[in-house]
Amino acid sequence: QVQLVESGGGLVQAGGSLRLSCAASGRAFTYYVVGWFRQPPGKEREFVAYIRWRGGYTDYTDSVKGRFTISRDNAKNTVYLQMNNLKPEDTADYYCAAGPTGSWSPGSFPSWGQGTQVTVSS
């Protein structure tokens, strides 16, 4: 089992930036894919981005391409989501998750963090 702890959420004005962190620990997490998902108020959880720990391959949903960047720090066992040019529609609870394969489906990720709230004001 992989343990994940998110941090870095908060309130920001439109056009601003935030960096979310996901600290990972546990069994063999370096073989995993780490993804970021978000759940806007009253909506279903949706894919944002993922990164393969080995090799560093990344994938993004279209709405965040060019604004968000997912990266990892091997020494700190941490995955980051740098979010720039934030928009009010980015407001959501953000979750990191770990799983054995890259996927846009939340069901493919068995391990989840507790979430961190991001609010973007207009």
Look up atom [atom1] in [X] and atom [atom2] in [Y], then write down how far apart they are to the nearest 0.5 Å.
X: Asp73; Y: Ser21; atom1: CG; atom2: OG; answer: 10.0 Å
X: Cys96; Y: Leu81; atom1: SG; atom2: CG; answer: 10.0 Å
X: Arg52; Y: Thr101; atom1: CZ; atom2: OG1; answer: 7.5 Å
X: Glu46; Y: Ser105; atom1: CD; atom2: OG; answer: 13.0 Å
X: Leu18; Y: Gln82; atom1: CG; atom2: CD; answer: 8.5 Å

* Asked: Is Tyr57 linked to Phe37 within one hydrophobic cluster, defined over Ile, Leu, Val, Met, Phe, Trp and Tyr using a side-chain heavy-atom separation of less than 4.5 Å?
  -> yes
* To do: Using the rule that two of Ile, Leu, Val, Met, Phe, Trp, Tyr join whenever any of their side-chain heavy atoms come within less than 4.5 Å, decide whether Trp112 and Trp104 are in one cluster.
  => yes
* Asked: Is the shortest distance from a Lys or Arg side-chain nitrogen in Arg67 or Asp90 to a carboxylate oxygen in the other one below 4.0 Å?
  ->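 Looking at Arg67 and Asp90, the cut-off is met.
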* Any side-chain donor near an acceptor of the partner, Ser17 and Asn84, under 3.5 Å ->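 There is such a pair (donor and acceptor under 3.5 Å, judged by atom type) between the side chains of Ser17 and Asn84.
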* No-hydrogen, no-angle side-chain donor-acceptor test under 3.5 Å, Arg38 and Tyr94 -> yes
Any donor-acceptor N/O pair, [X] side chain to [Y] backbone, under 3.5 Å:
X: Glu6; Y: Gln114; value: yes
X: Tyr60; Y: Ile70; value: yes
X: Ser108; Y: Pro106; value: no

Do you know the tightest heavy-atom contact between [X] and [Y]?
X: Val2; Y: Ala98; answer: CG1-CB, 4.1 Å
X: Val48; Y: Val64; answer: O-CG2, 3.8 Å
X: Ser122; Y: Ala14; answer: CA-CB, 4.3 Å
X: Thr78; Y: Trp53; answer: N-CH2, 3.7 Å
X: Asp59; Y: Phe47; answer: O-CZ, 3.6 Å
X: Gly9; Y: Leu20; answer: N-CD2, 3.6 Å

* Asked: Between Thr91 and Val118, is a side chain to side chain contact (heavy atoms under 4.5 Å, CB included) present by the stated rule, with each step listed?
  -> CA-CA 5 Å; Thr91 294; Val118 171; 5.9 Å; no
* Can Phe68 and Leu86 be said to form a side chain to side chain contact (heavy atoms under 4.5 Å, CB included), step by step? -> CA-CA 9 Å; Phe68 291 12; Leu86 282 160; 3.8 Å; yes
* Asked: How far apart are the C-alpha atoms of Thr116 and Tyr95, what are their side-chain angles, what is the distance that settles it, and do they pass the side chain to side chain contact (heavy atoms under 4.5 Å, CB included) test?
  -> CA-CA 7 Å; Thr116 186; Tyr95 299 86; over 6 Å; no
* Asked: Looking at Tyr80, is Arg72 sitting on its ring face, NZ or CZ under 6.0 Å from the six-membered ring centre and within 45 degrees of the normal?
  -> no
* To do: Let me see the working for Asp62 and Lys65 under salt bridge (charged side-chain N to carboxylate O under 4.0 Å, His left out), right down to the final yes or no.
  => CA-CA 5 Å; Asp62 287 347; Lys65 284 180 180 177; 3.2 Å; yes
